[in-house]
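Structure record follows, encoded as structure tokens.
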Amino acid sequence: MDTATTTATATPKDYSSPLKPIWCPGCGDYGVLQALYRALAAIGRPPHEIAFISGIGCSSRIPGYTTAYGFNSVHGRALPIAQGVKLANPDLQVIVAGGDGDGFSIGGGHVAHAVRRNLDLTYLVMDNQVYGLTKGQLSPTSPKGLATVTSPLGSLEEPINPLLYTLAYGAGFVAQGTPADLPGLTALIEQAIRYPGFAFVNIQSPCVTFGQEEQQMRAHKAHMRPLASLGHDPSDQLRALDLARSYGKELHTGVLYRNPNPPPTYDALVRERQRALAPEAKDRARLLDVFLQK
Amino acid sequence: MNGLPCSPGVDFKKVSLMQALDLAVTIEEEARDRYLELADALSIAHTPEASEFFRKMARMEEKHRVALLTKRRASFGDRPSTVGRLQIFDVEAPDYDTVRAFMTVRQALDVALQSERKAHAFFKAALAETSDPEARFLFAELVAEESDHEAYVQAEIARQATDPWGDPPGDPAAYSDEPVPQ
Ligand SMILES: Cc1ncc(C[n+]2csc(CCOP(=O)(O)OP(=O)(O)O)c2C)c(N)n1
Ligand code: SF4
Ligand SMILES: [Mg+2]
């Protein structure tokens with residue numbers, strides 16, 4: 001980041017917009033938003049150096065609740081838009097936020113490419129195992145057997161495993177948190193933002209209106225298993241893959257994997273190439289000559 | 001990491017009176033802000049009575065914050081606070097998960113009661129860890145004050161029980177409306 005600035009005195013309120021969230025009272029997303037404000041304050045970059053990009057869903061409303069730049073875009077298209085934003089202005093801190101449906105159903109195809117392209121993006125998925133905004137349909141992370149309005153007799157499919165998915169494609173930072181542990185979630189978001197490359201945090205954020213009983217905050221508090229207490233070493237990728245397999249059965253919280261030697265990001269490589277090509281670059285006024293037959 | 005789980009980074013073994021005051025002011029500020037947030041969420045979700053009760057709680061927390069801040073300024077002036085909002089996690093502030101659309105005032109009172117108990121337990125634990133005599137005196141005062149707040153909320157609950165227009169006694173979950181998938 002060439003122009004990153006930090007303010008030592010940033011407070012969570014600096015990142016909170018006057019717009020009041022319209023989430024259902026009790027929704028897990030309130031806690032996620034609070035953790036996000038705190039993580040941003042801990043990092044201290046001013047709001048005008050940050051851009052939030054989201055798709056559509058309850059969780060995708062996040063950009064409006066921050067003072068940073070924001071684009072509540074199209075269902076499932078947050079990642080491609082965020083990549084465009086980052087490439088156009090690499091100095092921005094780009095944070096992508098959305099739901100499990102937005103990210104792993106309609107937008108599922110984009111995740112693999114965002115991971116392998118490795119732009120310096122932070123991807124926060126509020127995984128409530130349901131389509132909240134559209135009133136409780138089956139989502140790609142809903143457990144097998146779940147009865148919803150679109151699966152009245154119970155779903156027959158296995159859920160997608162967001163942790164395994166991102167790890168398998170080679171993401172350099174993969175973590176899981178819950179707003180039931182606000183200090184832990186804040187620390188995870190902060191680490192994800194600071195990671196130089198594509199960083200993914202799966203946040204188990206309960207939907208109190210359409211979610212299941214076992215996915216609520218009380219259950220999270222009772223059953224979460226912090227990876228630190230298991231002595232997990234976040235640089236151990238194979239162990240991370242093994243732990244990720246228990247998604248849906250165990251609630252592991254913390255950093256599953258952090259690449260100890262992050263490779264250069266795509267945005268950095270693009271800049272490097274631009275610099276290398278600069279001496280032979282055509283004058284802006286002659287740009288069309290590249291495409292015109294002489 | 002030092003400190004109690006909801007106040008990472010605060011080392012009670014070394015806490016001074018000024019730090020203890022800063023901590024208490026920040027805790028009250030967090031509680032005030034949370035009550036206001038919850039009140040906003042409830043008023044948007046057409047739950048005006050519980051929302052109004054939370055606004056009342058916010059005013060109470062604000063009063064307590066100002067009293068503590070006045071004490072702090074009298075002894076230590078305008079020196080910058082030694083405790084930041086990033087060090088305080090739900091010490092007295094009710095969890096976001098404690099509210100629901102269409103909750104009753106009786107349920108809101110239960111939320112406030114749990115929060116006062118949380119704060120009481122926190123200051124008691126802080127007192128047990130602290131060695132500075134002045135800071136200990138302040139924490140002991142705060143333990144007593146949180147007990148008073150708890151008593152106030154309990155009295156409100158008792159008053160509600162005798163109010164013919166109040167919520168019926170017993171388990172609120174048994175008569176409250178819950179949103180259902182459609
Ligand atoms: C192209 C398109 N298809 C479908 C929809 C309808 N739609 C809006 S949000 C949503 C799913 C939301 O679920 P999720 O992403 O998990 O977010 P949540 O509301 O649970 O936070 C759907 C299917 C849409 N807006 N656009
Ligand atoms: S429907 Fe669910 S996810 Fe959406 S705001 Fe309500 S509780 Fe949150
Ligand atoms: Mg969802």
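Lettering of chains follows the sequences in order, A, B, ..., and the numbering in each one begins at 1. Computed from a predicted model, the values in this text were never measured in an experiment.
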- Message: For a 4.5 angstrom cut-off between non-hydrogen side-chain atoms, does Leu86(B) reach Pro12(A)?
- Response: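 Answer yes - side chains close enough.
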- Query: What part of Pro21(A) lies closer than 4.5 angstrom to a heavy atom of chain B: side chain, backbone, both or neither?
  - Reply: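 Interface part for Pro21(A): backbone (N, CA, C, O).
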- Given a strict heavy-atom distance threshold of 4.5 Å, which part of Thr186(A) is in contact with chain B: side chain, backbone, both, or neither?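 It is the side chain, since no backbone atom gets that close.
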- Criterion side chain to side chain contact (heavy atoms under 4.5 Å, CB included) on Met217(A) and Asp95(B), from CA distance to verdict: CA-CA 10 Å; Met217(A) 216 81 103; Asp95(B) 292 8; 5.9 Å; no
- Message: Donor-acceptor pair, distance only, cut-off 3.5 Å: does the side chain of Arg85(B) make one with the backbone of Arg38(A)?
- Response: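 No, because the side chain of Arg85(B) does not come within donor-acceptor range (under 3.5 Å) of the backbone of Arg38(A).
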- Who wins among Thr98(B), Thr47(B), Asp90(B), Ile44(B) for the most heavy-atom pairs under 4.5 Å with chain A?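 Most pairs with chain A among the choices: Ile44(B).
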- Results of side chain to side chain contact (heavy atoms under 4.5 Å, CB included) for Leu127(B) - residues two or more places apart only: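 Leu127(B): side chain to side chain contact (heavy atoms under 4.5 Å, CB included) contacts with Arg136(B), Phe139(B), Ala140(B).
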- Query: Crowded around Tyr69(A) OH? As in, over 12 foreign heavy atoms under 6.0 Å?
  - Reply: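 Counting other residues, nucleotides and ligands, OH of Tyr69(A) stays at 12 neighbours or fewer.
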- Query: How about residues 218-234 of chain A versus chain B: which residues have heavy atoms under 4.5 Å apart?
  - Reply: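 Arg218(A), Lys221(A), listed by number.
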- Side-chain donor-acceptor pair present, Tyr30(A), Glu37(B), cut-off under 3.5 Å: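 Result is no, nothing qualifies.
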